[in-house]
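Both counts, for ligands and for their atoms, begin at 1 and track the order of listing.
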Amino acid sequence: MTTIVQSPLAGRLWPAGTGITPAGLCLSGIPLSDLAEAYGTPAVILDEDDFRARCRAWRRAFAGHDVYYAAKAFLCHATASWLNEEGMGIDVCSEGELRTALDGGIAPRSIVMHGNNKSADELAAAVHHQVNLVVIDSLDEIRRLSAAATAAGREQRVLIRVTPGIDAHTHTHITTSTDDQKFGFSLRAGAAAEAAEAVLASPGLRLVGLHAHLGSQITRPEVLHAGIVALVTFMGSLAQRRGVSTEVLDLGGGYAIAYTPDDAPLDIATIAPRLIDWVTRACQDAGLPVPRLAVEPGRAVAGPTAVTLYRVGTVKRQQGLRTWVAVDGGMSDNIRPALYGAPYSVALANRTSAHAAEVFTVCGRHCESGDVIAKDVLLPGDLEVGDLLAVPASGAYHRSMASTYNMQPRPPVIAVSNGQARPIVRRETLEDLQRLDVRT
Ligand SMILES: *Cc1c(COP(=O)(O)O)cnc(C)c1O
């Protein structure tokens with residue numbers, strides 16, 4: 001019996017159930033090398049106990065308010081059922097996500113629907129299933145949703161998505177609250193006020209509040225504070241001009257997690273009381289009733305709970321050049337480094353090594369030079385073909401953004417809990433890849 005030592009970064013950079021043994025890394029007490037043997041590589045290994053614990057921590061931190069998990073981070077039947085069991089709501093932005101959420105048992109009253117171009121069918125599905133809130137993102141959508149609601153003889157509760165004009169100081173591709181972007185209605189340009197008028201004039205719609213999503217990987221609480229101040233100011237003008245009382249204030253997601261040991265994740269137990277306090281005080285100062293808060297974490301729930309397990313296929317050493325380590329996945333299972341230069345950590349998973357560390361660049365197997373997993377990372381110098389590498393913080397925006405580029409089947413997701421492993425998404429097969437081909 002080998003001793004399992006809790007990894008010092010478990011629960012922060014690595015899933016809470018990560019341990020280190022002389023024979024390498026393990027998750028929930030299971031050696032990662034056994035999981036690679038049983039399920040193949042690449043594979044996403046997800047710590048179910050950590051996922052559930054994170055749901056409970058968010059629920060506790062926002063007791064009396066609502067927590068909607070952002071489905072786009074990663075959703076499948078099993079995770080939807082865990083979310084349901086842990087009392088989480090869910091934010092969906094397509095009919096596919098809506099169907100999976102309902103199928104997993106999540107009640108319509110715990111569902112929010114988002115999207116900057118929801119189709120008439122998606123809006124009709126939202127009304128038909130009686131989702132709690134639809135977040136309005138355009139004037140066209142107000143007409144479409146009003147038509148769907150009146151056709152169904154229902155009243156749909158809506159929030160207006162506003163862009164408060166704040167730069168969250170993240171990457172331009174993940175900035176969502178400056179004025180110059182595709183989401184929401186600008187407060188500064190007066191578009192948000194115009195949208196509110198349109199909703200109030202539309203049959204079948206009931207304006208219950210406002211929504212703003214301030215960005216992704218937000219590390220600075222000041223950004224959230226600035227967003228709250230802008231939203232409450234707008235609440236005040238709606239109350240004054242139109243007598244609209246804001247019941248729900250949805251602050252979106254974007255809470256940062258650690259991708260490398262240097263990153264400082266936002267601690268929700270610390271941040272939640274501050275957010276609640278900022279909203280309460282701003283509303284009291286403005287003489288407004290305090291609304292119910294909603295938050296929509298995706299990455300902060302799912303991200304830290306999984307690792308991707310890869311097998312090393314080649315080690316390329318060239319005089320005077322960087323050493324490349326190629327693994328059996330890459331941008332098809334993790335597009336984030338190619339998309340926004342996201343940094344990652346990598347660890348040797350199938351053994352320990354006393355060899356001195358060297359600098360490696362870990363790349364994928366795809367036909368793109370940007371197909372890099374982690375640049376300039378330290379790994380044992382005796383790293384060799386056949387070794388297993390584990391990449392933490394793989395639970396959000398990996399499998400959900402996966403592609404079949406180069407006709408590479410997408411990896412499975414294996415849940416581990418209490419020392420047991422089970423696939424919750426099976427590995428795609430070559431047959432799956434050809435299933436949509438039409439043969440004439
Ligand atoms: C993406 C998104 C989220 C979740 O963002 P995270 O960074 O994963 O927390 C929440 N709400 C909306 C509207 C989003 O677009």
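- Of the charged side-chain nitrogens involved, at least one lies within less than 4.0 Å of a carboxylate oxygen, so that Arg241 and Glu197 count as a salt-bridged pair.
- By the criterion of a heavy-atom distance under 4.0 Å, neither the backbone nor the side chain of Phe183 is placed next to ligand 1.
- Of all atoms in ligand 1, numbered sequentially from 1 with element shown, those under 4.0 Å from a heavy atom of Gly254 are 5 (O), 6 (P), 7 (O), 9 (O).
- Partners of His366 under the ring-ring contact (aromatic ring centres under 6.0 Å, His included) rule, at least two apart in sequence or in another chain, are Tyr405.
- Residues satisfying the ring-ring contact (aromatic ring centres under 6.0 Å, His included) criterion with His128, sequence neighbours excluded, are absent altogether.
- Residues Trp58 and Tyr255 place their aromatic rings such that the two centres sit under 6.0 Å apart.
- Less than 4.0 angstrom separates some heavy atom of Arg161 from each of these atoms of ligand 1: 13 (C).
- Proximity of Asp91 to ligand 1, defined as any heavy-atom pair under 4.0 Å, is confined to the side chain (atoms from C-beta onward).
- The residue among Lys72, Arg299, His213 with a heavy atom at the shortest distance from atom 2 (C) of ligand 1 is Lys72.
- A heavy-atom separation below 4.0 Å is not found between Ala396 and ligand 1.
- Salt-bridge check for Lys118 with Glu141: passed, with a basic side-chain N closer than 4.0 Å to an acidic carboxylate O.
- Within the structure, ligand 1 lacks Ala73 among the residues with a heavy atom less than 4.0 angstrom away.
- Listed by atom number, the atoms of ligand 1 under 4.0 Å from His211 heavy atoms are 13 (C).
- Atoms of ligand 1 lying under 4.0 Å from at least one heavy atom of Pro297, given by number and element, are 9 (O).
- Of the N or O atoms in Gly298, one or more lie within a sub-3.5 Å distance of an N or O in ligand 1.
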Would you please test Glu95 and Arg99 for salt bridge (charged side-chain N to carboxylate O under 4.0 Å, His left out) and show each step? CA-CA 6 Å; Glu95 200 169 350; Arg99 180 184 290 223; 5.0 Å; no
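- Ligand 1 lies within reach of Tyr397, whose nearest heavy atom is under 4.0 Å from it.
- Aromatic pair His211/His114: ring centres closer than 6.0 Å.
- Using a 4.0 Å heavy-atom cutoff, Gln217 is absent from the residues neighbouring ligand 1.
- Counting non-hydrogen atoms of other residues, nucleotides and ligands closer than 6.0 Å to CZ of Arg322 gives a total above 12.
- Taking every heavy atom of Ser216 and a limit of under 4.0 angstrom, the matching atoms of ligand 1 come to 7 (O).
- Ion pairing between a basic and an acidic side chain is recognised when a charged N comes within 4.0 Å of a carboxylate O; Arg143 and Asp140 show such pairing.
- A salt bridge links Arg435 to Asp432: one of the charged nitrogens lies within less than 4.0 Å of a carboxylate oxygen.
- Less than 4.0 angstrom separates some heavy atom of Ala70 from each of these atoms of ligand 1: 3 (C), 4 (C), 10 (C).
- For ligand 1, the atoms closer than 4.0 angstrom to any heavy atom of His114 are 13 (C).
- Atoms of ligand 1 lying under 4.0 Å from any heavy atom of Glu296, numbered from 1 in the order shown and given with element: 3 (C), 4 (C), 9 (O), 10 (C), 11 (N), 12 (C), 13 (C).
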